[in-house]
Protein chains: 2
Amino acid sequence: MNKRITIKQIAKALSVSISTVSKALNDSYEISDETKSKIQEYAKLHKYKPNTLALSLQNKKTKTIGIIIPNILNYYFARALRGIEKVATEKGYNIITCITNESFKKEVNTMEMLSNGTIDGFIACISVETLKMKNFEHINDILNEGTPIVLYDRVHKDINCDKVVTDNIKSAYKATRFLMKSECKNIAIISTSEGININKFRVKGYLKALTKYDVVPNEDLIIIQDGEDGLTERINKMLDSNKVDGIFTVDEISGAITTQVLNKRNIKIPDEVSIVGFTNGILSRYSSPPLTSVNRFAHTTGEVAATRLIDKLEGKVKFDDIKTEIIRTQLVERESTKKLFIKF
Amino acid sequence: MNKRITIKQIAKALSVSISTVSKALNDSYEISDETKSKIQEYAKLHKYKPNTLALSLQNKKTKTIGIIIPNILNYYFARALRGIEKVATEKGYNIITCITNESFKKEVNTMEMLSNGTIDGFIACISVETLKMKNFEHINDILNEGTPIVLYDRVHKDINCDKVVTDNIKSAYKATRFLMKSECKNIAIISTSEGININKFRVKGYLKALTKYDVVPNEDLIIIQDGEDGLTERINKMLDSNKVDGIFTVDEISGAITTQVLNKRNIKIPDEVSIVGFTNGILSRYSSPPLTSVNRFAHTTGEVAATRLIDKLEGKVKFDDIKTEIIRTQLVERESTKKLFIKF
DNA sequence: ATGAAAGCGCTAACAG
DNA sequence: CTGTTAGCGCTTTCAT
């Protein structure tokens with residue numbers, strides 16, 4: 001077992017001083033070519049690698065950023081992570097990813113843990129529990145210490161920092177309008193995970209579209225619940241006693257479940273009922289039929305967040321310069337809605 | 001902005017020595033209750049938190065483990081990560097997750113980077129590229145330095161370390177046999193991502209089952225290709241010119257695409273064609289119809305890997321004590337196969 | 001009970 | 001050109 005070698009050992013082995021070794025390895029002009037190459041060769045031979053910890057302790061910079069993800073099984077977050085990861089790597093930053101599983105306690109613990117020298121800044125998405133409790137002290141504390149944070153997707157006005165979000169109201173509005181334009185008269189909306197304001201915004205957008213086109217919202221067509229348990233039954237029940245020819249689902253899982261229900265009932269999609277989903281992921285792409293869906297550009301969200309954070313870390317943007325960036329969405333037409341010939 | 005406070009500053013503020021503060025904060029018996037509480041109160045008031053870096057540098061232990069994931073969009077890996085994360089958290093370890101995007105270079109870079117003091121050990125899944133190149137020097141180097149690694153899912157015999165794997169041959173064998181028992185006579189197999197040995201093993205299991213039951217493999221029913229491009233066409237073509245009543249797909253995406261093709265052709269699943277998938281994830285669960293699938297217990301895989309690594313880090317298991325753990329699979333029956341009345 | 005000093009691995013200012 | 005020294009934040013002997 002060849003334990004990792006240190007600068008000190010190299011110095012001893014070659015009978016030079018520690019600082020000479022340090023300088024030689026950093027290719028300093030102060031060191032003679034001869035000693036330099038002697039040291040560098042020895043280092044290479046023994047696979048010397050500098051200790052990251054010691055470096056970070058010295059520079060007060062770790063070149064790593066902490067990523068807080070509520071739920072990695074969520075395809076949107078996984079894609080956002082990729083975007084973050086891409087930019088971080090490009091700019092020479094490491095990322096340390098933590099999953100909170102939507103738990104407040106876990107979120108507080110990990111963020112406190114990491115903000116003690118381990119990371120230079122955070123890219124975080126607040127957990128549902130935190131959002132419900134409206135307790136953001138841990139975040140504000142970290143901000144106060146001068147550690148920059150960029151919040152993405154789920155945000156709150158009580159936190160004053162950079163944010164990267166989706167325009168939920170507008171996107172939901174456009175999705176609903178699309179259903180109306182494709183001649184749906186009775187449009188239902190389905191939303192799991194109540195309690196997060198982004199879902200409320202999506203319902204708002206739906207209602208706004210209806211109102212705008214003089215359709216009176218029908219309460220029986222609005223299914224909002226926490227979690228997916230029993231969703232199948234509720235959809236079936238709704239379908240049993242209501243005329244429905246369009247369904248807007250506020251998240252991917254709802255979309256998939258809705259599709260399953262319709263298929264099971266042998267209802268033709270989109271001939272009899274159209275579906276528009278939200279957050280275009282694998283489920284939308286690979287369902288039968290593939291779902292028309294509001295694409296959220298998760299990857300871009302991640303990229304923008306990472307770019308912003310790194311700019312701040314590197315002083316390109318001042319700490320107090322706070323900005324909220326809105327990432328546009330785009331409706332991806334697939335086979336769960338009727339083809340529209342008039343674009344609008 | 002309240003910059004983070006250090007032990008030194010506390011010492012100065014209270015006119016005591018640095019070591020007194022250190023001891024007081026660690027609740028040492030050497031310090032009088034009076035000074036202790038004085039210091040502790042001051043620390044709390046100023047939200048003192050020890051610098052993790054300095055601690056790690058001192059102890060030569062970071063209490064964090066590096067996780068290498070080839071592709072986070074893969075549901076299996078995401079679930080495994082959860083399992084790892086759970087155990088790590090329970091045992092007081094942090095994880096730092098890195099995504100290689102199936103790239104050899106990225107894998108080498110991140111692993112070298114992290115193994116310089118940042119992490120105590122790795123839980124890694126080798127990238128496809130690395131596997132194809134069969135270059136495992138970076139892994140063996142790290143192992144050589146005394147840093148423990150647990151490999152999961154994708155492994156190779158040239159690497160001598162702890163491993164946690166699926167029994168691919170046996171699982172594929174059982175899946176194929178299941179199709180035969182449900183009266184399928186012409187069973188096709190579909191596999192994307194050629195080149196990884198685990199997929200080869202799955203094909204092997206399929207062939208083994210056929211042979212065992214005296215079915216001569218039909219080359220026209222074996223679709224193996226790299227990536228999913230054009231898969232739809234190949235499946236259609238196969239269906240055009242062959243009688244097929246059962247399909248075993250070696251991964252989730254293939255399963256989803258196959259389902260789409262059959263649905264599109266209005267082929268009744270499972271009445272006309274049965275499907276069994278591999279790696280039971282959201283796609284299998286939420287497709288129409290839901291797919292019978294070989295469930296891989298990704299979460300368990302992660303848990304086992306993490307437990308093993310931590311045991312090693314904490315000296316409960318010797319470094320040279322190498323073990324390969326095989327995680328069983330389980331066929332989950334859903335609606336893409338006919339109900340079997342005789343269990344076997 | 002408290003403090004001085006060395007050291008973890010490294011860099012950097014300053015001397016020589 | 002090379003070496004000495006101090007210091008990053010903390011722990012841990014060893015004195016006092």
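Small disclaimer: the values here were computed from a predicted structure and weren't measured. Each chain gets a letter, A, B and so on, in the order the sequences are listed, and its residues count up from 1.
Both B:Ser32 and B:Leu57 lie close to DNA chain C; mapped to their nearest nucleotides by heavy-atom distance, the more 5′-ward contact belongs to B:Ser32. Projected onto DNA chain C by closest heavy-atom contact, B:Gln58 and B:Ser15 fall at different nucleotides, the more 5' of which corresponds to B:Ser15.
Distances were taken from every side-chain heavy atom of B:Ser19 (C-beta onward) to each of D:dC10, D:dT2, C:dG3; the shortest belongs to C:dG3. Considering only side-chain atoms of A:Thr35, the nucleotide from C:dT11, D:dC1, D:dT4 that sits closest is D:dC1. Across D:dT11, D:dC8, D:dG3, the shortest atom-to-atom separation from the side chain of B:Leu55 is found for D:dT11. Of the listed nucleotides (D:dC8, C:dG3, D:dT11), D:dC8 has the atom at the smallest distance from the side chain of A:Lys60. Among the nucleotides D:dC10, C:dC10, C:dT2, the one closest to any side-chain atom of B:Thr20 is C:dT2. Nearest to the side-chain atoms of A:Val16 among the listed nucleotides C:dG9, D:dG3, C:dT11 stands D:dG3. Of the candidates C:dC10, D:dT2, C:dT2, the closest approach to any side-chain atom of A:Ile31 belongs to D:dT2.
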Problem set entry | Test log, rule side chain to side chain donor-acceptor pair (under 3.5 Å), inputs B:Ser19 and B:Ser22 | CA-CA 5 Å; B:Ser19 51; B:Ser22 169; over 6 Å; no
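A salt bridge is defined here as a Lys NZ or Arg NE, NH1 or NH2 lying under 4.0 Å from an Asp or Glu carboxylate O, and A:Lys134 with A:Asp158 fails to meet this definition.
Between the B:Asn51 side chain and the B:Leu53 main chain, a donor and an acceptor come within less than 3.5 Å of each other.
Judged by distance alone with a 3.5 Å cut-off, a donor-acceptor contact links the side chain of A:Lys23 to the base of D:dG3.
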